[in-house]
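Along the sequence shown, residues are numbered consecutively beginning with 1. Both backbone and side-chain heavy atoms feed into the values below; hydrogens, waters and symmetry mates do not. Keep in mind that what you see is a predicted model, and the values were worked out from it rather than measured.
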Amino acid sequence: MKLPPRERATRGKPWKRVAEILLSSLFCALVIWGAIDRISFITRVNQLVQDWEIAGVFAPRAASQDPDILIVAIDEPTLRGFEYRSPVDRKFLSDLLQHVAGHGPRAIGLDISLDQPTETDKDAALRQTLAAARIPIIVSYIPGSATVSPEQHESLEQQAFQDAMVPAKDRGRADLATDQYDTARNIFPGAETDGNYMPGFARALAAAVGVPTPAVEVPIVWHGRPPATATDLNPRPFRQISARDAGLFGDSWFHGKIVLIGSDVTLVDRHRTPYSSIFEGNAGQLPGVVIQAHILSQLLNARQSPVVPWPVDLVIAFFFTVVGAGLGGSNGPQWLRIAVFVWITGLFWAVALALFHFQDVMIGLIAPPMAMAAGFVALDSLTGRAARKQRKFIQEAMARYVSPKLVEQMVDDPERLSLQGERRLMTYLFSDIENFTTMSEKMDSNDLALLLNAYLDGMVDIVLKHDGMVDKFIGDAVFAIFNAPLDLADHAQKGVECMLAMDRFTENFRKEQKERGISLGVTRIGVHTGVAVVGNFGSQARFTYTAQGDAVNTASRLEGINKYFGTRLCVSDATRLLCRDIAFRPIASVILKGKTVALDLWEPLHEDAASPAFLAGYEAAYDRLKAGAQDAEALFTALAAENPHDPCVRLHMERLRHGAKDVKMAMTEK
């Protein structure tokens with residue numbers, strides 16, 4: 001049989017063959033090693049495999065729960081005991097800190113943001129507790145921006161409040177070091193804040209108990225889960241109790257421990273971690289306080305990353321490239337060479353996983369098979385194989401290690417898969433159908449599904465037509481955001497126009513259902529504009545892009561306050577001031593429950609609203625009531641005679657009968 005030209009050239013000169021294999025292998029190993037570090041989708045796949053190792057059954061088990069750390073969680077049972085969920089009740093925090101401190105812990109870490117005022121006496125109690133503490137208390141600190149726009153003056157006030165609340169010596173930066181996919185991977189060492197270096201939260205706690213740590217960003221070494229017991233089949237790495245029950249626990253739980261207090265609530269201060277590669281929801285996205293516990297445990301015990309140094313990975317990749325080159329240059333059948341390739345890869349993975357599980361040494365699982373495949377293809381090409389067969393082999397070999405779906409996503413645009421969290425000014429819309437739950441209990445399930453789908457289809461179409469983003473559905477309720485993720489210059493205007501369009505749609509929809517014998521309640525809508533944190537929550541396979549913050553809560557409460565007013569639409573003054581060519585009338589000046597500052601609330605008006613004369617009379621009566629004038633009641637009485645069903649007139653007539661002197665109201669319910 002006639003040999004190919006290259007084989008004839010090297011026949012009888014084995015040293016040339018060996019040199020060819022070694023040089024091509026070295027080149028391929030360097031390329032693959034560089035690709036792992038430089039090509040985004042390969043880097044991501046490599047990281048996902050490492051995450052799978054860390055989160056899976058092959059991860060090393062810890063001998064026990066960390067004996068030095070206790071987590072006191074502000075969880076759902078705790079929040080149900082408060083009048084309002086956010087911010088966390090400051091008096092409760094003050095009492096909790098005093099109780100914990102009274103049992104002799106080494107230090108306390110409060111991973112709760114204190115950047116918003118609540119009730120004055122409760123804020124003062126917490127400030128006094130922090131100032132008078134005799135043991136180290138480190139508080140999670142969020143530094144503000146050095147420059148803010150006029151629209152963001154609220155941020156300056158929050159920063160000033162936080163600075164006054166938390167003593168400078170007790171601050172630790174709340175930052176988590178995340179990668180471009182919003183996954184917490186490294187320890188945040190600290191950064192300059194107002195010209196002074198401030199360590200990260202966990203490093204500040206370690207320093208408070210006398211453990212020096214290097215100011216460098218290193219990988220997080222996740223504390224393994226301890227073995228299951230008869231009473232706990234899936235124990236946590238750290239002991240954790242509910243803040244609600246903290247008073248039931250004594251010295252044995254707190255004495256000599258570092259106690260971390262923080263939130264453990266769904267969608268609040270949760271972050272993607274390596275565990276998200278396997279577990280969905282709360283099991284993969286850990287609370288910030290739990291991540292800080294992992295970091296603190298690592299710092300206290302000086303644990304080093306199990307990942308082998310890059311020279312070791314490079315040597316292993318080179319070895320596998322040589323093996324792949326040997327397979328690629330051999331004359332065996334294609335199917336046999338591929339079978340050997342797969343067998344070697346499987347054996348390597350089994351050995352590497354065992355090494356990690358039993359010796360806590362992590363070798364990269366992606367680079368060696370890729371290097372072997374690259375060596376195979378390189379030598380197969382050098383020995384004269386057809387280009388078509390080479391491409392086919394690459395596809396067949398690499399498809400075993402890289403998910404086609406994942407590759408397609410990464411190649412498409414990897415940056416858009418990671419929507420970084422940020423503070424921004426946005427407009428929020430909440431809607432809800434009155435008494436929908438009661439009505440739905442009386443309907444056939446199929447009819448209910450058809451009704452709700454038709455309703456939500458219409459609502460979604462309206463949001464999209466006004467350049468908004470439907471964030472989520474909560475039963476029949478709709479939450480929409482304007483000005484995220486893309487900038488929308490007139491987001492407040494769009495939000496109110498969307499509200500008015502929704503109101504027209506829902507009223508027509510309600511009348512249509514009434515003709516069919518279905519008694520559908522009115523839809524109430526609230527809109528508010530303010531600064532909140534917006535970002536990506538959820539797993540990489542499914543994003544939940546949402547906004548969180550006090551402004552979002554306010555918008556939700558404006559929707560609910562319509563029930564008290566008798567109105568369908570309610571808009572805050574912050575939104576109204578940013579709107580043009582939309583008519584509004586004032587409703588009242590309201591202090592929401594848990595707040596101290598009144599909000600001026602307005603009702604946007606349709607073009608075919610009440611007559612201009614009636615609206616002018618209402619505004620005149622409202623202005624007289626706002627000024628505390630005696631004739632306000634007579635003016636509202638005249639308006640009631642003209643239109644007895646007007647909700648705002650009825651509201652103030654009822655208030656005047658009960659002795660109201662102005663337009664200010666304090667809500668006693670959420």
Will you find, in the side chains of [X] and [Y], an N or O donor that is under 3.5 Å from an N or O acceptor?
X	Y	answer
Q240	D264	yes
R303	S297	yes
D471	T546	yes

Q: Before giving the answer on side-chain contact (heavy atoms from CB on, under 4.5 Å), spell out for M426 and H491 the whole-Å C-alpha distance, their side-chain angles and the decisive distance to 0.1 Å.
A: CA-CA 7 Å; M426 295 168 286; H491 54 89; 5.5 Å; no
Q) Is there a donor-acceptor pair under 3.5 Å between the side chain of T178 and the backbone N or O of T183? A) no
Q | Q304 side-chain N/O to V221 backbone N/O, donor-acceptor pair under 3.5 Å | A |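 No: the side chain of Q304 does not pair with the backbone of V221.
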**Q.** Under the ring pair (Phe, Tyr, Trp, His ring centres under 6.0 Å) test, residues paired with F479 that sit two or more places apart
**A.** F430
Q) Of all residues at least two apart in sequence or in a different chain, which pass the ring pair (Phe, Tyr, Trp, His ring centres under 6.0 Å) check with F348? A)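 Residues passing ring pair (Phe, Tyr, Trp, His ring centres under 6.0 Å) with F348: F320.
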Q: Please name the pair of heavy atoms, one in A484 and one in M469, separated by the smallest distance, quoted to 0.1 Å.
A: O-CB, 3.7 Å
Q: Sort and list the pairs that fulfil ring pair (Phe, Tyr, Trp, His ring centres under 6.0 Å) and have at least one residue in residues 285-305, not counting sequence neighbours.
A: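 Passing the test, one end in residues 285-305: W222-H294, F238-H294.
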Which atom pairs, donor and acceptor, lie under 3.5 Å between side-chain atoms of residues 445-457 and protein residues at least two apart or in another chain?
| unit_1 | atom_1 | unit_2 | atom_2 | d |
| --- | --- | --- | --- | --- |
| N453 | ND2 | A449 | O | 3.2 |
| Y455 | OH | T523 | OG1 | 3.0 |

**Q.** Side-chain heavy atoms of V265 within contact of E76, under 4.5 Å
**A.**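 In short, these two side chains touch, coming nearer than 4.5 Å.
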Q | S431 vs M459 side-chain heavy atoms within contact, under 4.5 Å | A |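 When only atoms from C-beta onward are counted, M459 and S431 do touch, with a gap below 4.5 Å.
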Q) Should the pair R185-D51 be classified as a salt bridge under the 4.0 Å nitrogen-to-oxygen rule? A) yes
Q. Looking at residues at least two apart in the chain, or sitting in another chain, which of them share a side-chain contact (heavy atoms from CB on, under 4.5 Å) with D467?
A.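 For D467 the side-chain contact (heavy atoms from CB on, under 4.5 Å) partners, ignoring immediate neighbours, are L488, K494.
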Side-chain donor-acceptor pairs under 3.5 Å in residues 366-377, sequence neighbours left out?
none

